[in-house]
Amino acid sequence: MAIRFVSARLAPESFAITTSRHTITIRAATTRARLFAAGWLLRHLDHLTLTAPRHVAEAPAMAVRGTQIGYRAKNNSYDAWSVPMLTRRIEDFALLGGNRIQFVAPVSDDAATSPLSALPATETLIAVAAATHRLGLDVALFYPLLRDYDKAGATQAEVADFVTLSAKLPALDALYIPGGDPGHTAPDRLFPVAQRIATALRQRFANAKVLLSTQGFDAAGLDAFHAQLAKRPRWLSAIFVGPQTRDSIAEHRRRIAGRFPIETYPDTAHTMHAQFPIPDWHPAFALTEGREPVNPRPAATTRIFAYLAPKTRGFVTYSEGVNDDWNVTQWFRLGWNPTTPATDVAADYARMFVGDMTFAAIPHALETNWNGDPSANAGIDATARLVADLRPAPWADWRVDLYRYRATYDALVRHRLIAAKANEGEARWTLRQAPAIGAQAAVAAARFAYARPEPAIVAPLRAELTAIADRLWTSARMQLSVLRHGASNWERGANLDRADIQLNDRTVVEAEMAEALTHPDAATRLYAIGDPWRTRDMALYDDLGDPTAEPHLVRGPGFDADPQSMISAIDGVADHIPDQGWRMADLSYAEGLYETPVRLSYTGLERGRRYRLIARWAGEGYALPMRLTGDGVELHGFRPRDGERETVETAIPQTLTADGALTVEWHRPPGVGGGGRGHQIAQAWLIPEPLSPEPKAPGAEQ
């Protein structure tokens, strides 16, 4: 069947397709529209048979449909790509309906160069901007302002650097200047500097758009930003809303009130410490797969898009490489037609990139792999079998291995965790027998339990994971290991390096056992090691950050109502591992963003009993102080953190528990900016005090 392109008087991004017996006729007015039509055909070809109506007319719903490409050291893949590879990537985005490619300028907060890069960053930028322009797509630049503009000459130097860079570009249609992340320029400086740059930009590219973001500002800074907007600067084209922003998208709409168009900058790359953290993510996944894993989220992306998109003119997705290829694809498809079901996106993805319709079930299956405790989720093994049974077409590319890698990793975590929990449970049980069997025997048995060999399934899973990772390095330059593939850091997607970390407390318990044996009362000490939940004390315990073990955490509205978790509790993990002597329970924590407290609620308390609260302050290395309240009454004021892990004990006034209930909250100082993070609680024990004996009457029998 022949394909014929015909010029037509249609809107710049619209196309019409007519199918006859021997010919497919595409009518479009622009290069980009012809690309969009070609992508539509590819998504509707099934074994070279077109499954489509005889006549189709399409036009996009959103004006801006973009994504970011960062040729920079932090990126998990692109910094090792050649210009032809990057050009092919841009072509794929165009076929999916993308009309704007945003490049990270070589002035970001990265290392100046990547050892993996084939060409210098500026030279590559020029080449990919030219490729984008040839395809008829918008060339955009993400350009952070990193100087101290209070210093004399800093603004002039910034403008001069921008002029030098922009003079080398064949086109520049939009300039995105973030308020922060990276950057730290207050609005009263940001706006004048951006105006100077906008003036210089339009001397070369007269119709270029200039956008600013509200990222990074504290409450006062955000108010100052809106005060600048109220002046309606004529050089400013729009506002973009991304991560590290105090206000929700709804609040942005309210405060901007139509004065400027709004675009969004949604984070599609990250799973935690991020704009849209995975809700209720188990710490075993967070510790191993990390912040930048292969992360298809079809249901979540549908909800995030519905949350962000209303009353905006479009988006540029914030990506760090290819780990989020599914999410970026789904955003493009929703930007074209917001009613597109995730199942349709999956079927089209299967036809366009895989050649086996079995793939259509895999994105959803991988998303549900991350529901709940992996050791109890047999669906993980079913997903691995589904992926193993794929029969991709000969032309299928690296994307097939992308999902093989994730499915294999999930299965590896599951079976390692099953064994780790069994070994831990046996060791802890044995240590609680120390008063009866003796300290030496208890320690020997606990060490034996920890040393049990891994299940037979683990070794082949590990070998398969490594083989797939190496193939992804070869085919997509994906850097899944620092040592093997040259990744900049394990957190930048290099989670192959974390696949074998401990998933229990073996390291710290081994050290505690050795120390206990040096004391006369070793048996009592060992019993305490075996009972971290303080069951002897009748403690009400929360291992915060583990969604299966935090019964008193008040979760808030949750993901469906609050996808950014602005007012919902967030489960997270610290940037450490159990092998370093951290307890699993100290690594995981609960937190709230900005002014949202960490809140625990207790009911069914004994009305005549006094209680004390023991809290384990642990998590990431934040120095912000925290304040504790009980039922709104201050229990301690803002207390600075002494270190990464500290235990804070607080007596609870009996008046607060007299009604049998108690709600405690940890607060951070109000008004802070950045990511809004920093008050993190890892463990909590609410312990009833022993009842005092009744005083005896005078003269009573002794």
Side-chain angles (χ1 to χ4, degrees), residues 35-36 38-52 67 76-77 81 85 88-98 268 293-302 317 319 321-334 336 340-370 379-411 464-465 467-478 480:
L35 284 166
F36 301 155
W40 189 96
L41 285 177
L42 287 172
R43 292 192 298 274
H44 289 81
L45 282 174
D46 189 5
H47 298 288
L48 300 181
T49 300
L50 184 63
T51 58
T67 193
N76 66 45
S77 46
W81 283 31
M85 291 174 70
R88 170 60 190 275
R89 185 70 164 152
I90 294 163
E91 291 168 352
D92 281 350
F93 291 150
L95 292 171
L96 291 167
T268 55
V294 179
N295 64 341
R297 302 179 67 185
T301 298
T302 299
T317 54
S319 177
V322 300
N323 69 295
D324 56 350
D325 186 70
W326 165 271
N327 302 329
V328 173
T329 297
Q330 189 176 1
W331 267 91
F332 281 139
R333 296 297 312 285
L334 290 170
W336 189 276
T340 305
T343 51
D344 286 5
V345 180
D348 292 347
Y349 194 101
R351 279 188 288 267
M352 193 170 179
F353 298 119
V354 181
D356 181 352
M357 293 306 295
T358 304
F359 176 85
I362 287 172
H364 172 73
L366 288 172
E367 186 173 30
T368 57
N369 273 10
W370 283 350
I380 292 172
D381 295 329
T383 301
R385 289 192 295 271
L386 183 66
V387 173
D389 289 342
L390 275 176
R391 296 296 178 263
W395 46 260
D397 62 11
W398 48 264
R399 289 173 175 85
V400 177
D401 275 336
L402 201 65
Y403 304 105
R404 286 173 176 156
Y405 183 83
R406 210 342 258 293
T408 304
Y409 206 125
D410 288 354
E464 176 67 8
L465 189 74
I468 299 170
D470 288 346
R471 291 203 303 266
L472 282 167
W473 163 248
T474 300
S475 61
R477 286 294 183 258
M478 194 171 186
L480 292 162

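Nothing fancy with the numbering, it's 1 onward along the sequence. Note that the structure is a prediction, hence the values are computed from the model and not measured. Only this structure's heavy atoms are used, side chains among them; waters, hydrogens and symmetry mates stay out.
- When all heavy atoms of Ala360 and Ala350 are compared, the pair lying nearest together is N-CB, 4.2 Å.
- Classification of Asp401 and Arg406 as a salt-bridged pair fails, no side-chain N sitting under 4.0 Å from a carboxylate O.
- Separation of the Tyr403 and Phe359 ring centroids falls under the 6.0 Å cut-off.
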| task | Could you walk me through whether Leu386 and Thr358 pass the side chain to side chain contact (heavy atoms under 4.5 Å, CB included) test, one step at a time? | result | CA-CA 8 Å; Leu386 183 66; Thr358 304; 3.7 Å; yes

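- Side-chain atoms of Thr301 do not come within 3.5 Å of backbone N or O of Pro298 as any donor-acceptor pair.
- Using the six-membered ring where Trp is involved, Trp336 and Phe36 have ring planes that are perpendicular, over 60° apart on the 30 and 60° scheme.
- The shortest distance between side-chain heavy atoms of Asp325 and Arg399 falls below 4.5 Å.
- Minimum heavy-atom separation, Trp395 to Gly355: CH2-N, 3.5 Å.
- Residue Arg477 holds its CZ atom at 11.5 Å from OG of Ser77, rounded to the nearest 0.5 Å.
- Under a 4.0 Å N-O distance rule, the pair Arg385/Asp381 does not qualify as a salt bridge.
- Of the residues Ile90, Leu96, Thr329, Val328, the one that meets the side-chain contact (heavy atoms from CB on, under 4.5 Å) test with Thr67 is Val328.
- Atom-to-atom distance recorded for Glu367:CD and Thr383:OG1 is 11.5 Å, nearest 0.5 angstrom.
- Using a 4.5 Å cut-off on side-chain heavy atoms (C-beta onward), Ile468 and Tyr409 make no contact.
- In this structure, the side chains of Arg404 and Arg471 come closer than 4.5 Å at one or more pairs of heavy atoms.
- Between the CD1 atom of Ile380 and the CG atom of Asp410 there is a distance of 5.5 Å, given to the nearest 0.5 Å.
- To the nearest 0.5 Å, atoms CG (Leu42) and NE2 (His44) are separated by 11.0 Å.
- No salt bridge links Asp344 with Arg43; every basic N to acidic carboxylate O contact stays at or beyond 4.0 Å.
- Contact of the Gln330 side chain with the Thr302 side chain is registered, since non-hydrogen atoms from C-beta on lie closer than 4.5 Å.
- In this structure, a donor-acceptor pair under 3.5 Å is absent between the side chains of Asp324 and Asn295.
- Considering only heavy atoms from C-beta on, Leu480 stays 4.5 Å or farther from Trp473 through its side chain.
- In this structure, Ser319 contributes its side chain and Gly321 its backbone to a donor-acceptor pair below 3.5 Å.
- Counting heavy atoms from C-beta on, the side chains of Thr474 and Trp398 never come closer than 4.5 Å.
- Inter-residue side-chain proximity for Arg89 and Trp81 is flagged as met; some heavy-atom pair is nearer than 4.5 Å.
- Residues Trp370 and Pro293 form a side-chain contact, since some pair of their non-hydrogen atoms from C-beta on lies under 4.5 Å apart.
- Side-chain N or O atoms of Asn327 include one that pairs as donor or acceptor with a backbone N or O of Thr268 at under 3.5 Å.
- Of all non-hydrogen atoms in Val322 and Leu402, the two that sit nearest each other are O-CD2, 3.5 Å.
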